[in-house]
Amino acid sequence: MKQKILLTYVESGFGHISSMDSLYDALVDRNRDGRFDIQKSYILTEDGFPNLARMNGFLIKQVQNTNKIPYFGRFVFPFISFLGGHKLIRFFHRQMAVKSFKQGLEAFRRRSPNVIITNHYFTNLLAVEYKRRIDPSVVVINYNPDPTLHSFWDKRDGIFIVNNPYARYKAEKYKFKRENLREVTPCVRKCVETNTLNRQQLRDKFGLPQDKFTVVIADGGYMLGRGPKFAKALIKSKLPITVCVIAGNNKKCYDKFKAIEEGRSRLKVASGMTFKVYEFLPNAYELYGAADVFLTKGGPNAVLDSLYMRTPVMINYCPHVIEAATARVFITEHGCGETVFRRGKAIKRIRSFMSDPAPLGKYVDNIEKLIADGNGTYAAADIIEEEAKQQRIALAARDIVFSDDEEPTQASDDTATVVSDELESIVIADNDGVIVDGDEADRTR
């Protein structure tokens, strides 16, 4: 049996998906000898467990709330930290959302990983609990995709990878074990890093004018920030520019802007302006690369994609501590763009760039310096492989050896998967694969 590395995917903002993809790319590239069985899993939804799927929906909803409800994100992170942070989170999932918690453990048990890679607090909690309750030999590794740290993360066990000195400082402040902390540079997907198309070629690809200043506007996958208001303000400005709006999975927003693009709205596009709207784009980074400026909220992975495409950013909204840290790290510390929290200021700065693009050139120079530090995925892959190596050594000392075509040579009670007393009450009910506690089976069905 090959050593199995499981990468767990969670849609809680699309940055969690793209950052996990970056790790998957690096591990697959390095696995040419086939030593590892590398698997990716949307573990909260793949097995059809109803409570786990509802938890997935709950997590998505909270991300949306932090963007569309003013001050919600600014309130919830410090409030939960005040109430106990990770201890409160553990209590909630283990005692109140117990069905989704147990179904999550069962989802891990079905996959029987040797190494678990997480990048979200909930899957990290499940991985740590899986190690403590079911398989003590499993290795847990978390990559924090954010430029800072919040108090939700489980710090009891596992390697914890951060991507900048500020995040490491926060981890030490939250009393993570220093021996478990690792620092790399920010991780970006291979397709973004290896892009070879220049701005002119990308504008041709999207059918955009070559001779107009181009602004791309996005607000993550849900378009629930200030993007729509800034887009409408730019349209009303009647500047002779190209404006591209990525509405993501927000169908209502897309339909409204599509009506503007097609002339069916009362808001009209001036004759000298080019306006285009897009739904969710898997290759959105290419549209960022076609722009002179990327106008967006402080989502760290979208900002990083733009910087790797050599396009300066204008951050217009930071709804919570994570995105405020994005502005701190990429704008204040590295000088890769600006913050423009008012629509009037954004229009003023774009007019200024049109007449004098020199400041944009300075931002691009700073971007090149940031990128020169290297893509952190390779260092993260080194960390993962080293921990997997240490696991092989530890298991070999117990006469358990991984191979390409055999099961481990020995499995003893202390290293094989052992279901804890708490999980013994879990049963698989009917043909739907629904996990329930025995006396709750009828209600769950």
Side-chain angles (χ1 to χ4, degrees), residues 5-13 15-24 27 39-46 52 55-56 58-60 62-63 77 80-81 84-94 97-98 100-109 111 113-163 167-168 170-172 174-177 179-184 187 300-301 321-322 380 383-384 387-388 391:
I5 299 177
L6 179 69
L7 294 95
T8 56
Y9 282 68
V10 178
E11 181 193 332
S12 181
H16 286 276
I17 295 174
S18 61
S19 62
M20 191 61 80
D21 275 340
S22 70
L23 299 179
Y24 179 79
L27 289 170
Q39 298 182 4
K40 58 166 65 176
S41 173
Y42 284 81
I43 197 161
L44 305 188
T45 57
E46 282 181 351
L52 195 57
M55 177 56 68
N56 183 71
F58 172 80
L59 296 173
I60 293 172
Q62 301 322 301
V63 172
F77 283 99
I80 290 179
S81 179
H86 64 96
K87 293 181 181 178
L88 176 66
I89 293 296
R90 290 208 306 269
F91 175 81
F92 169 75
H93 285 291
R94 294 191 306 191
V98 65
S100 60
F101 175 74
K102 289 183 177 181
Q103 289 173 5
L105 293 181
E106 171 63 14
F108 275 108
R109 189 195 64 78
R111 289 158 178 79
N114 303 110
V115 179
I116 301 173
I117 314 298
T118 74
N119 71 346
H120 186 274
Y121 86 84
F122 180 51
T123 48
N124 183 237
L125 168 64
L126 289 175
V128 171
E129 293 283 349
Y130 177 82
K131 178 171 183 174
R132 293 167 72 90
R133 299 166 183 244
I134 301 177
D135 184 2
S137 70
V138 75
V139 172
V140 177
I141 302 175
N142 185 81
Y143 170 70
N144 175 34
D146 304 323
T148 186
L149 212 64
H150 53 68
S151 63
F152 296 12
W153 297 107
D154 196 318
K155 60 187 180 183
R156 292 173 296 165
D157 204 340
I159 300 300
F160 200 88
I161 304 173
V162 297
N163 62 22
R168 187 181 188 113
K170 296 292 286 188
E172 292 176 352
Y174 285 129
K175 296 183 169 37
F176 275 75
K177 297 175 183 177
E179 62 269 24
N180 289 348
L181 288 176
R182 307 286 188 275
E183 183 182 337
V184 300
C187 296
N301 288 282
V321 294
I322 293 171
I383 293 167
I384 294 168
E387 294 303 316
Q391 182 188 57

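Scanning for side chain to side chain donor-acceptor pair (under 3.5 Å) contacts around Arg90 gives His86, with sequence neighbours left out. With sequence neighbours left out, the side chain to side chain contact (heavy atoms under 4.5 Å, CB included) criterion links Ser18 to Arg189, Asn301. For the side chain to side chain donor-acceptor pair (under 3.5 Å) test, residues two or more places apart in sequence or in another chain that qualify with Gln39 are Asp37. With sequence neighbours left out, Asn144 forms a side chain to side chain donor-acceptor pair (under 3.5 Å) with no residue at all. The ring-ring contact (aromatic ring centres under 6.0 Å, His included) check on Phe92 picks up nothing, with sequence neighbours excluded.
Distance check, rounded to the nearest 0.5 Å: CG of Leu149 to CZ of Phe160 gives 4.5 Å. Here the straight-line distance linking atom CD1 of Ile117 with atom NZ of Lys40 works out to 13.5 Å at 0.5 Å rounding. Taken to the nearest 0.5 Å, the CG atom of Leu59 stands 5.0 Å off from the NE2 atom of His120. The distance from the CD1 atom of Ile161 to the CD atom of Glu183 is 11.5 Å, given to the nearest 0.5 Å. Distance CG/Leu23 to OG1/Thr118: 10.0 Å, rounded to 0.5 Å. Annotation: the span from Tyr9 atom OH to Thr123 atom OG1 amounts to 12.0 Å, rounded to 0.5 Å.
Although no hydrogens or angles enter the test, the distance criterion places no donor-acceptor pair under 3.5 Å between the side chain of Glu11 and the main chain of Ile17. Side-chain N or O atoms of Tyr174 include none that pairs as donor or acceptor with a backbone N or O of Gly85 at under 3.5 Å. For the pair Glu387 (side chain) and Ile159 (backbone), a donor-acceptor distance under 3.5 Å is absent. Glu106 places no side-chain N or O within donor-acceptor distance of the main-chain N or O of Lys102, the cut-off being under 3.5 Å.
Comment: Asp135 does not engage Arg109 in a salt bridge, judged by the lack of any side-chain N to carboxylate O separation of less than 4.0 angstrom. Checked for salt-bridge contact, Arg168 and Glu172 meet the test: a charged N lies under 4.0 Å from a carboxylate O.
Residues Ser12 and Ile60 have side chains not in contact (no heavy-atom distance under 4.5 Å, counting atoms from C-beta outward).
Considering every non-hydrogen atom in both Leu105 and Arg133, the closest pair reads CD1-CD, 3.8 Å. Pairing each heavy atom of Phe122 with each of Leu44, the nearest pair is CE2-CD2, 3.8 Å. Here the shortest heavy-atom pairing between Ala107 and Arg111 reads O-NH1, 2.7 Å. Contact between Ala380 and Val184 at its shortest, heavy atoms only, is N-CG1, 3.9 Å. Nearest approach of Gln391 to Asn114, heavy atoms of both residues: NE2-O, 2.8 Å. Ala167 and Val162 make their closest contact through CB-CB, 3.8 Å (heavy atoms, listed as atom of the first residue, atom of the second, distance).
With no hydrogens or angles considered, no side-chain donor-acceptor pair links Thr45 and Asn56 at under 3.5 Å.
Each of Val139, Ile116, Val115 was checked for a side-chain contact (heavy atoms from CB on, under 4.5 Å) with Ile5, and the lone residue meeting it is Val115. When each of Thr8, Leu6, Leu7 is checked for a side-chain contact (heavy atoms from CB on, under 4.5 Å) with Ser41, only Leu6 meets the rule.
Sorted by first and then second residue, the side chain to side chain donor-acceptor pair (under 3.5 Å) pairs with a member in residues 148-158 read Glu129-Arg156, Asp154-Arg156; sequence neighbours excluded.
Ring centroid separation for the pair Phe77 and Phe152 comes in under the 6.0 Å cut-off.
The aromatic rings of His93 and Tyr121 sit tilted relative to each other, their planes meeting at an angle between 30° and 60°.
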